[in-house]
Amino acid sequence: MPVPSRGKGRPVSLGAREPGSSGRRKWWEADMAKIPSAAVAAGGLVGGYGVARWTKKRQLGGAVLAVAGAAAAQQWRQRAGGKAAGALTAAYVAAFAGSHPLAKKVGAWPAVLGVAGAVALASWAVADRNG
């Protein structure tokens with residue numbers, strides 16, 4: 001995808017990231033800020049499982065899970081602060097771990113969808129509700 005520009009190859013400035021930040025927002029961060037962190041986190045759990053199952057490569061599914069978790073954690077930190085981000089990150093990891101024994105009781109997809117919903121709800125309540 002080409003970098004948006006104003007002619008002569010100069011990137012479009014999207015303004016300061018947040019008060020007190022010396023950096024400028026990158027062109028790809030403009031759209032990411034519009035995606036609720038609840039959707040990113042739930043998508044990481046569901047997508048990670050789906051990729052691992054359909055490709056039969058657990059490492060690839062783990063990479064999807066990790067990238068989405070890192071993106072959600074960054075959003076949580078920006079929107080709700082470090083303590084909330086730490087708690088939500090712990091919930092994300094616990095949901096991933098907890099989905100395994102839960103899957104033995106209710107099945108894989110119901111377990112993954114259940115924990116993804118729980119993480120999405122927590123994320124919305126802590127970080128997305130007021131934003």
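- Minimum interatomic distance between Ser37 and Ser123 (heavy atoms only, all atoms of both residues): OG-OG, 2.9 Å.
- The closest donor-acceptor contact from the side chain of Gln75 to the backbone of Ile35 lies under 3.5 Å.
- Judged by distance alone, the side chain of Asp128 and the main-chain N or O of Ala38 form a donor-acceptor pair under 3.5 Å.
- Applying the side chain to side chain donor-acceptor pair (under 3.5 Å) definition to pairs two or more places apart or across chains, none involves residues 107-119.
- Cluster partners of Val115 are Leu102, Val106, counting Ile, Leu, Val, Met, Phe, Trp and Tyr whose side-chain heavy atoms approach within less than 4.5 Å, directly or via other members.
- Leu60 belongs to a hydrophobic cluster whose other members, connected by ILVMFWY side-chain contacts under 4.5 Å either directly or through intermediates, are Val51, Val64.
- The two atoms that bring Ala108 and Ala103 nearest to each other are CA-CB, 3.8 Å, heavy atoms only.
- For Arg53, the side-chain hydrogen bond (donor to acceptor under 3.5 Å, both in side chains) partners are Tyr49, not counting sequence neighbours.
- For the pair Val40 and Ala71, the tightest heavy-atom approach, listed with the atom from each and the gap, is CG1-CB, 4.1 Å.
- Not a single donor-acceptor pair under 3.5 Å links the side chain of Arg77 to the backbone N or O of Ala73.
- Hydrophobic cluster of Val119: the remaining members, joined at side-chain heavy-atom separations below 4.5 Å, are Leu45, Leu65, Trp76, Leu88, Tyr92, Phe96, Val126, listed by chain and number.
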